[in-house]
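Working notes, structure below.
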Amino acid sequence: RLKMQFNAFHDSLTGLNNRHSFVTYLQLAIERSGERKKGEIAVLFIDTDGFKEVNDTLGHVQGDNVLRVIAKRLSRASRLVNIAKGLGVSKDRIKLSLNRIGGDEFAIVIEGYNPQKEADLVAMSLIDEMKEAFIVDHQVYHLGISIGVSVFPKDGENVNTLLKRADIAMYKAKADGGNRYQFYDPALEQSAIERHQMEIELRKALEEQQFCLFYQPQFDAQSGELVGSEALIRWKHPERGMVPPGLFISHAEENGLIVRIGEWALEEACRQNKVWQDAGLMPVKVAVNFSTVQFNRMDDIVSMITSKLEKTGLDAIYLDVEITETGIMQSGDVGLDVLHEIKAVGVQLSMDDFGTGYSSLSSLRDMPIDTLKIDKSFVDDINTGANGQAIIKAIMALAKQLGLKVVAEGVEEESQLEFLKQNDCETIQGYLLGRPLPAEELEAVLQQHTYQ
Ligand code: C2E
Ligand code: MG
Ligand code: MG
């Protein structure tokens, strides 16, 4: 009898209360609060960041172990004594219940004298507790959590609304980069609807082939020769016209569709480049932008790349994979391994938006990259900003030391071009020499630069 009840309300994996227990508890808490006339309740919805990847790599047995550790840490972080101490009140004034309500989802109910404040404190200590690395099979993993908080009765008067709104807030915390917490705000509701709408539209765009690639030419600084192009995606939206990537890539990253969009862009860029080569035009490289989300979400990005090369017949030496500096830095050791594998296939690697992240000298040295792309903001400063020229010179010296090539992005003025030339920058990309062009128009440029 007792055992059965334990099972009905407990999660056998972690020993925490389960979803059923959580719903029952919250329902009772709401009723209790009604009797007390006042009294708020905070609901914390907790979702693990990156658990899926760990589970996929390590398998379910280790995944379960990780979940047990997470549960332990969350219990430790939500210990009443500590919270009461942190708030300077007696622990009898606070009630807290921690539950595992789904795969890697947990929820906490807090009743107390000031649940907003308590939620603040609990959320912070939960996040703090997760900072310590997880070690599984002698491998180090970092997992974070995203937390959404809703408060009764302000944000909802029943279990469903409270949970839904905590979930919406959680989603926002995740969208902001994860490992943080967010209180529900009605303004989030609108953005949740918009996000959902965007996802539907992006799926449709993929199915109906509304994406296309523009190609921006890149030139050798000294000789003026065309050396390649960068493929830049555009969305030919049936109503909104040509939508630039700045308006949809981050959404696609958030909902994961970037994986499929990125695959499409890679295949299309390789296919087009091969078509040009087969037509007898001068063979040049094509650079394709990759999002870190692709690296994080894809099991085997390297075989995805090789299969696109095989399918289109493009030689690996004509493909240049661009990843932003910040992206590379965030991807850690695993990311570094993948970069080495990509390099081993014969593909070129470029670090995009260089200068906007925080790479250290030593990390740059260990990086298997071929090229630094100096971010446009530094090019802009060549003739305007303080130390603009000194910064470019420093980057050039660094690149030379490390044996890297340099592409200057966003070159718009003759004077910038002159300065870059004088300082041995190899490649120039920018409106001054060529804007991103539809394939047919880049083809014309290629033709001009092809000599029979
Ligand atoms: P990015 O890779 O740094 O690309 C350079 C951006 O600067 C492009 O904007 C390009 O049109 C713009 N640009 C180039 N020269 C000049 C110039 O002289 N002046 C000015 N003002 N702008 C210049 P775009 O095409 O809007 O792309 C923006 C960003 O979107 C790209 O930055 C890249 O991070 C991302 N992106 C584009 N295509 C893809 C894609 O297929 N996949 C992924 N993941 N991201 C992409
Ligand atoms: Mg780029
Ligand atoms: Mg860039």
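Remember, it's 1-based here, ligands and their atoms both numbered in the order they're listed. Positions are given from 1 along the sequence.
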Contact check, Lys373 vs ligand 1, heavy-atom distance below 4.0 Å: no
Ser291 and ligand 1 - part of the residue with a heavy-atom distance under 4.0 Å: both
Polar atom proximity, Ile233 to ligand 1 (N or O, under 3.5 Å): yes
Ligand 1 contacted by Lys376 (non-hydrogen, < 4.0 Å): yes
Test item: side-chain donor near acceptor, Ser415 and Asn383, under 3.5 Å: yes
Any Pro436 heavy atom less than 4.0 Å from ligand 1: yes
Whether Arg435 lies under 4.0 Å from ligand 1, heavy atom: no
4.5 Å side-chain heavy-atom contact, Asp381 and Thr384: yes
Residues Lys373, Glu230; criterion side chain to side chain contact (heavy atoms under 4.5 Å, CB included); working and verdict: CA-CA 12 Å; Lys373 294 193 79 176; Glu230 175 174 8; 2.8 Å; yes
Charged tip of Arg19 within 45° of Phe22 ring normal and under 6.0 Å: no
Nitrogen or oxygen atoms of Glu230 and ligand 1 under 3.5 Å apart: yes
Proximal heteroatom of Glu322 relative to the Mg ion (ligand 2) (N/O/S): OE1
Gln277 versus Tyr318, side-chain donor and acceptor atoms under 3.5 Å: no
Gln429 N/O to ligand 1 N/O under 3.5 Å: no
Part of Asp353 within contact of ligand 1 (heavy atoms, under 4.0 Å): side chain
Ligand-residue contact atoms, ligand 1 with Glu412, heavy atoms, under 4.0 Å: 17 (C), 18 (O), 19 (N), 20 (C), 21 (N)
